[in-house]
Amino acid sequence: MGRQISGGAGLIKLFTGSYIAPGSVRTMDERVARAAVRAAHRRGRRVFAHPSNRAGTQVAVQAGVDALAHVPDQPEGTEALLREAAQRGIRIVPTLHMFASTVTTEERYLGPIRDALRVFLEAGGRVLFGTDVGYLADAIPAVSSPPWPGPA
């Protein structure tokens, strides 16, 4: 992480739930995630997490990340965690357009993701606008400064 920060990284993204094959997610060890969050915050950087599923969301929330880079796209069982994330002030970048553009527009896939986002919002969660992909032809460029003030 130190090399990335020295090289100009403005934030750190952890893959707390990482797809290793279609439908198969590997979860980051929570101790590693906590250490990474502490180290990034000491260096004044925010931490985003890619959660993918319930286990990845749990690691992200317990590690104290600043934002979830996506609503979990395997959202089963994430309701309590998303409420806790909202209460802790963790933000979400929903990336619903990215899911629809890169996976499918089928309601059986997108509906549960939107429902998970609704749970987060109803718990007082705050949403950030953006995406982490550079391959969507109709994506709007990312904002260069974070939408919340102060150091991590």
message: Set out, in order, the CA-CA distance, both residues' side-chain angles and the distance that settles side chain to side chain contact (heavy atoms under 4.5 Å, CB included) for Y109 and V103, then state yes or no.
response: CA-CA 9 Å; Y109 174 72; V103 181; 3.6 Å; yes
statement: CD (Q87) and CZ (F120) are apart, to the nearest 0.5 Å, by 10.5 Å
- request: Taking the side chain as every heavy atom from C-beta outward, state whether K13 and F15 have any atom pair closer than 4.5 Å.
  value: yes
- request: Tell me, with the steps shown, if I92 and L82 meet side chain to side chain contact (heavy atoms under 4.5 Å, CB included).
  value: CA-CA 10 Å; I92 289 183; L82 292 171; 4.0 Å; yes
Shortest non-hydrogen separation from V61 to L81 and the atoms involved: CG2-O, 4.0 Å
query: Do V127 and P94 have side chains that get closer than 4.5 Å, going by heavy atoms?
result: yes
- prompt: How about Q4 and R45: do any of their side-chain heavy atoms sit closer than 4.5 Å?
  reply: no
message: Tell me whether E79 is salt-bridged to R118, with the criterion being a basic N under 4.0 Å from an acidic carboxylate O.
response: no
- request: Compare all side-chain heavy atoms of E122 with those of R83 and state whether any distance is below 4.5 angstrom.
  value: no
message: Return the OG1 to CG distance between T16 and D29, rounded to the nearest 0.5 Å.
response: 12.0 Å
query: Does a donor on one side chain sit under 3.5 Å from an acceptor on the other, for H50 and S52?
result: yes
- request: Go through the steps for Y19 and Q74 under the test side chain to side chain contact (heavy atoms under 4.5 Å, CB included), then give the verdict.
  value: CA-CA 11 Å; Y19 280 97; Q74 292 183 17; 3.1 Å; yes
message: What I'd like to find out is whether the side chain of L121 reaches to under 4.5 Å of the side chain of V119, using heavy atoms alone.
response: no
message: If I compare all heavy atoms of E30 with all of V59, which pair ends up nearest, and what's the gap?
response: CA-CG1, 4.0 Å
message: With a 4.5 Å cut-off on side-chain heavy atoms, are H70 and F48 touching?
response: no
query: So, does R46 use its side chain to make a donor-acceptor pair with the main chain of A67 at under 3.5 Å?
result: no
query: When L96 is tested against each of L117, L110, D73 for side chain to side chain contact (heavy atoms under 4.5 Å, CB included), which residue passes?
result: L117
field: Worked check of side chain to side chain donor-acceptor pair (under 3.5 Å) between R54 and Q58
entry: CA-CA 6 Å; R54 186 198 163 292; Q58 181 170 341; 2.9 Å; yes
query: Roughly how far apart are M28 CE and R34 CZ, rounded to 0.5 Å?
result: 13.5 Å
query: Under 3.5 Å, side chain of S6 to main-chain N/O of G2, donor-acceptor pair present?
result: yes
- prompt: Is a side-chain N or O of R91 found less than 3.5 angstrom from the main chain of G89, in a donor-acceptor match?
  reply: yes
task: Using the side chain to side chain contact (heavy atoms under 4.5 Å, CB included) rule, take L68 and I90 through it: C-alpha gap first, then chi angles, then the decisive distance, then the call.
output: CA-CA 7 Å; L68 300 177; I90 296 171; 4.2 Å; yes
query: So which heavy atom on T105 is nearest to which on A100, and how close?
result: CG2-O, 3.6 Å
- line: Heavy-atom nearest pair, I113 first then P72, reads CG1-O, 3.9 Å
- line: Here the pair of heavy atoms bringing A55 nearest to T27 is CB-OG1, 3.4 Å
Least distance between heavy atoms, L14 atom then A36 atom: CD2-CB, 3.9 Å
query: Is the number of heavy atoms from other residues, nucleotides or ligands within 6.0 Å of CZ (R26) greater than 12?
result: no
task: Verify, without hydrogens or angle tests, whether D66 (side chain) and V47 (backbone) share a donor-acceptor contact under 3.5 angstrom.
output: yes
